[in-house]
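Quick notes on the structure that follows.
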Number of protein chains: 2
Amino acid sequence: MGKCEQCIIKQFNSMKTLSKDELMRISECKTSRKIKKGEVIFEEGEVINGVYCIKNGICKLSKLSENGKDQIVKMVVKGQLLGQRSLITDECSNLQAVALCDMEVCFIPKNEIMADLENNLKFSLDVLKVMARDLRESDNIIVNMAQKTVRKRLADVLIYLQNSFGVNADGTLSVLLSREDYANIVGTATESAIRIISQFKKENLISTKGKYIKIEDLAGLKRVE
Amino acid sequence: MGKCEQCIIKQFNSMKTLSKDELMRISECKTSRKIKKGEVIFEEGEVINGVYCIKNGICKLSKLSENGKDQIVKMVVKGQLLGQRSLITDECSNLQAVALCDMEVCFIPKNEIMADLENNLKFSLDVLKVMARDLRESDNIIVNMAQKTVRKRLADVLIYLQNSFGVNADGTLSVLLSREDYANIVGTATESAIRIISQFKKENLISTKGKYIKIEDLAGLKRVE
DNA sequence: AAAGAAATATGACCAAAATCATAAATCTTC
DNA sequence: GAAGATTTATGATTTTGGTCATATTTCTTT
């Protein structure tokens with residue numbers, strides 16, 4: 001099992017602010033875990049006794065609504081931490097986390113990470129910064145949900161996925177989502193998401209190979225109202 | 001002008017974790033300000049060089065959407081701090097703040113509050129906790145926006161206002177909002193908000209006296225789908 | 001108190017999106 | 001590789017909510 005103090009992943013999250021000693025201590029008690037695509041990392045309402053540091057892969061965070069639909073609130077990717085929010089407020093998880101592809105994560109027990117939070121000011125300030133940025137992002141999503149059409153939101157999601165998570169060798173989006181996932185990000189019925197994706201295809205804004213989607217006309221997608 | 005170290009308001013926000021010395025230092029450089037109902041406290045995109053501590057009153061935080069509508073994202077009330085998020089990420093404000101009634105606020109310059117954040121671990125941890133709770137709340141709003149009908153969201157808002165901000169002597173909601181404000185919280189057209197409020201009245205779920213709204217049948221409002 | 005402005009209310013109509021139904025394609029599993 | 005399950009696709013219909021138009025009421029200002 002790798003050592004935290006030598007792990008490059010920490011560069012991408014708040015753990016970069018920890019000292020070598022702190023990292024060595026964490027390294028001693030962390031556990032590595034492989035997660036298969038589709039596997040639940042934690043459930044909504046579950047007590048998460050620590051945080052996950054994502055070494056590889058990507059997962060979705062979602063919440064079940066009263067109408068039985070799962071709303072995807074955020075995607076968390078390689079390099080980021082998962083579960084800090086619940087840790088900080090000392091509550092059970094508000095969201096469910098599901099792997100969107102095979103993943104490798106390290107689990108750091110609550111006590112260890114809390115010790116650093118409560119002793120290392122640099123660390124807690126960095127976590128605070130990440131959380132403040134997440135909050136701005138969430139506020140922006142609220143505005144989009146409330147004020148934009150489904151068509152516009154779906155166009156935005158495609159652009160976001162390309163910008164944030166990149167493309168494969170053939171230009172298709174590297175994050176592979178089902179049509180239902182798209183619907184659950186945008187907050188619409190699966191049929192509506194499928195329909196709009198079909199429209200985008202007819203308008204030559206995108207092309208599809210099975211589940212894979214490739215943006216063909218980024219400027220055009222941006223122009224969608 | 002009052003002294004921070006003697007001010008009772010600090011009990012309700014992260015400033016309760018500051019020492020007497022820290023409070024005295026802040027007290028020296030803070031400025032008090034009265035704000036009239038409807039007045040803009042800060043604009044979206046404005047550089048806010050500090051935080052506001054709300055001594056009295058309530059304000060709305062909103063963001064202008066591309067379609068020209070203002071989406072209300074959050075209400076901030078007496079006892080809470082305003083503007084920490086932008087301070088922490090060192091960005092201009094993402095939201096506009098407008099007073100919903102006459103207010104009294106204290107403005108604490110950025111340098112002062114940052115000094116405490118960077119020196120007092122208790123303080124930064126408390127700010128972190130507040131931010132984590134705000135983030136959970138924002139995630140929940142996203143789910144509601146995406147999955148619930150306008151009617152249901154409006155019912156929820158009325159219940160939320162009663163629970164969070166209380167009622168006047170006659171039982172009307174103490175926060176006085178225009179129909180447009182209701183529309184901008186729920187994310188709908190003003191006419192739609194007015195229409196649904198009229199329906200609620202016909203169904204005896206609420207009663208109105210001019211702008212004032214009184215919940216008559218809380219259980220019934222909760223049952224709205 | 002009257003005039004004008006702004007907010008609230010309501011009707012008519014239209015557009016967006018949900019639901020229901022069914023077909024076609026793709027993926028699993030034996 | 002066939003059978004069944006799941007996912008994607010598309011049509012028909014209904015519902016929700018937005019837009020435009022126009023009263024009516026309430027609030028300001030003189």
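Here the structure is a predicted model, which means the values were calculated and not measured. Numbered from 1 within each chain, the chains take letters A, B, ... in sequence-line order. Computation of the quantities below employed the complete heavy-atom set of this structure, encompassing side-chain atoms and omitting hydrogens, waters and symmetry-equivalent molecules.
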For DNA chain D, which residues in [range] have a heavy atom at a distance below 4.0 Å?
range	value
residues 139-161 of chain B	B:Thr149, B:Val150
residues 183-197 of chain A	A:Glu191, A:Ile194, A:Arg195
residues 57-72 of chain A	none

Exam field: side chain [X] to backbone [Y], donor-acceptor pair closer than 3.5 Å:
X	Y	answer
A:Thr149	A:Lys152	yes
A:Ser178	A:Asp181	yes
B:Asn168	B:Asp170	no
B:Gln162	B:Leu173	no
A:Gln199	A:Ile196	no
A:Arg153	A:Val186	yes
B:Asp102	B:Lys37	yes
B:Ser174	B:Phe165	yes
A:Ser62	A:Ile72	no

Quiz item: Under 6.0 Å from the NZ atom of A:Lys110, do we count more than 12 heavy atoms belonging to anything else shown?
Solution: yes
Practice problem: Verify the neighbour count for atom NZ of A:Lys222: are there more than 12 heavy atoms of other residues, nucleotides or ligands below 6.0 Å? | Solution: no
Self-check item: Rounded to 10 degrees, the angle between the two terminal axes of the helix from C:dA1-D:dT30 to C:dC30-D:dG1, each from five pairs
Solution: 60°
Quiz item: Regarding B:Asn94 and B:Lys63, is there a side-chain donor-to-acceptor distance under 3.5 Å anywhere?
Solution: yes
Quiz item: Do we see a donor-acceptor contact under 3.5 Å between the side chains of A:Thr208 and A:Lys201?
Solution: yes
Practice problem: Identify the heavy atoms of B:Arg85 and B:Met131 that sit nearest to each other, and give their distance. | Solution: CG-SD, 3.9 Å
Quiz item: If you take all heavy atoms of B:Met15 and B:Cys53, which pair is closest and at what distance?
Solution: SD-SG, 4.3 Å
Quiz prompt | Electrostatic pair B:Asp70:B:Lys60 at N-O distance under 4.0 angstrom | solution = no
Practice problem: Name the nucleic acid region contacted by B:Lys201, choosing base, sugar-phosphate or nothing; use a 4.0 angstrom heavy-atom cut-off, strictly under. | Solution: sugar-phosphate
Quiz item: First and last nucleotide of DNA chain D in contact with chain B, 5' to 3', at under 4.0 Å to a heavy atom: what are they?
Solution: D:dG17 to D:dC20
Exercise. Hey, which sits more toward the 5' end of DNA chain D by its nearest nucleotide, B:Gly210 or A:Ser198?
Key: A:Ser198
Quiz item: Between which nucleotides of DNA chain C, read 5' to 3', does contact with chain A run, using atoms under 4.0 Å from its heavy atoms?
Solution: C:dA17 to C:dC20
Quiz prompt | salt bridge (charged side-chain N to carboxylate O under 4.0 Å, His left out) between B:Glu104 and B:Arg33, intermediate numbers included | solution = CA-CA 6 Å; B:Glu104 276 182 274; B:Arg33 191 175 141 195; over 6 Å; no
